[in-house]
J.: 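Sending over a structure as structure tokens; questions will come in a sec.
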Amino acid sequence: MTEVLIERRGAARFLTLNRPAALNALNHDMVKTIHRALFDAAADADVTRIVITGAGDRAFCAGGDVATLARHARSDRAMWEGFFGDEYRMNQAIARLVTPYVAIMDGFTMGGGVGLSAHGPFRVVTERTLFAMPETGIGLIPDVGGTHVLPRLPGEIGTWAALTGARLKPADCIYAEIGTHFVPIDRLALLEELLADGDLPVAEQIETLAGHAGPSSLEALRDGIDFHFGHDSVEAILASLDTGDDWAMEQARIIRSMSPTSCKLTLRALRMGEGASIEEALRTEYRIVSAIRTGHDFFEGVRAVLLDKDKNPLWSPASLEAVDDAMLARYFEEPETGDLNFD
Ligand code: QUE
């Protein structure tokens, strides 16, 4: 019942994801509560900033409650479409918020947690931030607006992160412009106090406490990322990686372990997302995810990664060659139940 704490602190509305044992993974109730709280805060003239954070010291938010979806939603279309539809509408609300919005990305920030942070103007990372879009590993796609955000990161960092599910440390997040500020953990309490005391603009308050995340390992990888991941087919990316250095060959091995269907859907959706508004990107993601429910890989991916944890998913189709364009096209069609709307 109190999986999202909502508090008024001075000029700020604080939302705290409060499911620490589940790494603050988002369930449907939490999504609806957050969206309603954003709506209320935006309508309250006394609230000059919204702050979202996660309880515990391990996660901001590790994703969506995919284990529950895998258990029930194969036979419950309304549950599946209800969860993703409401989550994406919440993501869009964050992207269009006028009230300054601060996400404290302390700990795991993956999947659904990226949707709660990446669309806002202030994205604070700490020593414990670990960012990833790992969905190709469970037969999903980098959703929650990922197909809008990732193509806008420098070079091909977004394509690389989406296909491999790479985990980015705080310095990498700053380098990749995923985080706007690095604030050390021991200053977070003070940051929250300053934000509650709304005397100064949010940007100035965060900058007062911000430190340096240090050098990013991505800088040295950047040429390789841009060189290999600029191709417009997964096969071409792999062919390029196969002729590269040890790092490149390792990326190829990782991509080959991911769902072939997810990899092809992801690359196509990322390229479409380059010129798409947040609403257009979310609508396309909703089409894809709706079709994924009737497929195989999501249920097998959740089984292998999160339930049985054998880390050995048997994907079907099992190879990229077996995923043809006609199969892919089905995922981009309007669902029988209609497209996502933002009314
Ligand atoms: C891909 C995902 C998720 C994931 C792993 C993936 C995801 C998610 C979790 C998760 C959440 C809470 C936990 C946990 C894992 O993992 O969406 O152990 O306690 O919520 O490869 O999309």
J.: Decide, yes or no, whether a salt bridge links E156 with R271 under the criterion of side-chain N to carboxylate O below 4.0 Å.
T.: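 Yes, charged N to carboxylate O under 4.0 Å.
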J.: With the side chain counted from C-beta on, respond yes when I255 and V234 share a heavy-atom pair under 4.5 Å apart, and no when they do not.
T.: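 Sidechains of V234 and I255: in contact.
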J.: Just checking, R74 and F299: is the charged tip under 6.0 Å from the six-membered ring centre and within 45° of the axis?
T.: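 Cation-pi check for R74 and F299: passes.
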J.: A quick test of your reading: do over 12 heavy atoms of other residues, nucleotides or ligands sit less than 6.0 Å from CZ of F332?
T.: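 Yes, enclosed.
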J.: Show which side-chain atoms of residues 138-152 pair as donor or acceptor with protein atoms under 3.5 Å away, not counting sequence neighbours.
T.:
residue : atom : partner : partner atom : Å
D143    : OD2  : Y88     : OH           : 2.5
T147    : OG1  : E285    : OE2          : 2.7
H148    : ND1  : R152    : NH1          : 3.4
H148    : ND1  : A276    : O            : 2.9
H148    : ND1  : I278    : N            : 3.4
R152    : NH1  : H148    : O            : 2.5
R152    : NH1  : G273    : O            : 3.1
R152    : NH2  : E274    : O            : 3.1
R152    : NH2  : A276    : O            : 3.0

J.: Could you note down all residue pairs passing ring-ring contact (aromatic ring centres under 6.0 Å, His included) where residues 98-136 supplies at least one of them, sequence neighbours left out?
T.: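 Residue pairs passing ring-ring contact (aromatic ring centres under 6.0 Å, His included), neighbours aside: none found.
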J.: Check D86 with K32, please: is the shortest side-chain N to carboxylate O separation under 4.0 Å?
T.: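 Salt bridge flag = no for D86 with K32.
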J.: By the side chain to side chain donor-acceptor pair (under 3.5 Å) test, which pairs, at least two apart or in different chains, include something from residues 49-60?
T.: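 As it turns out, the side chain to side chain donor-acceptor pair (under 3.5 Å) pairs with a partner in residues 49-60, which skip direct neighbours, are R49-Q205.
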J.: Any heavy-atom pair between the side chains of R256 and D242 that's under 4.5 Å?
T.: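 They are in side-chain contact.
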J.: Has D245 got more than 12 heavy atoms of other residues, nucleotides or ligands less than 6.0 Å from its CG?
T.: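 Result for CG/D245: enclosed.
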J.: Whether R9 and E192 form a salt bridge (side-chain N of Lys/Arg under 4.0 Å from carboxylate O of Asp/Glu) is what I want to check.
T.: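 Result for this pair is yes, salt bridge flagged.
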J.: May I ask you to test the L194-L209 pair for a side-chain heavy-atom distance under 4.5 Å?
T.: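 Sidechains of L209 and L194: in contact.
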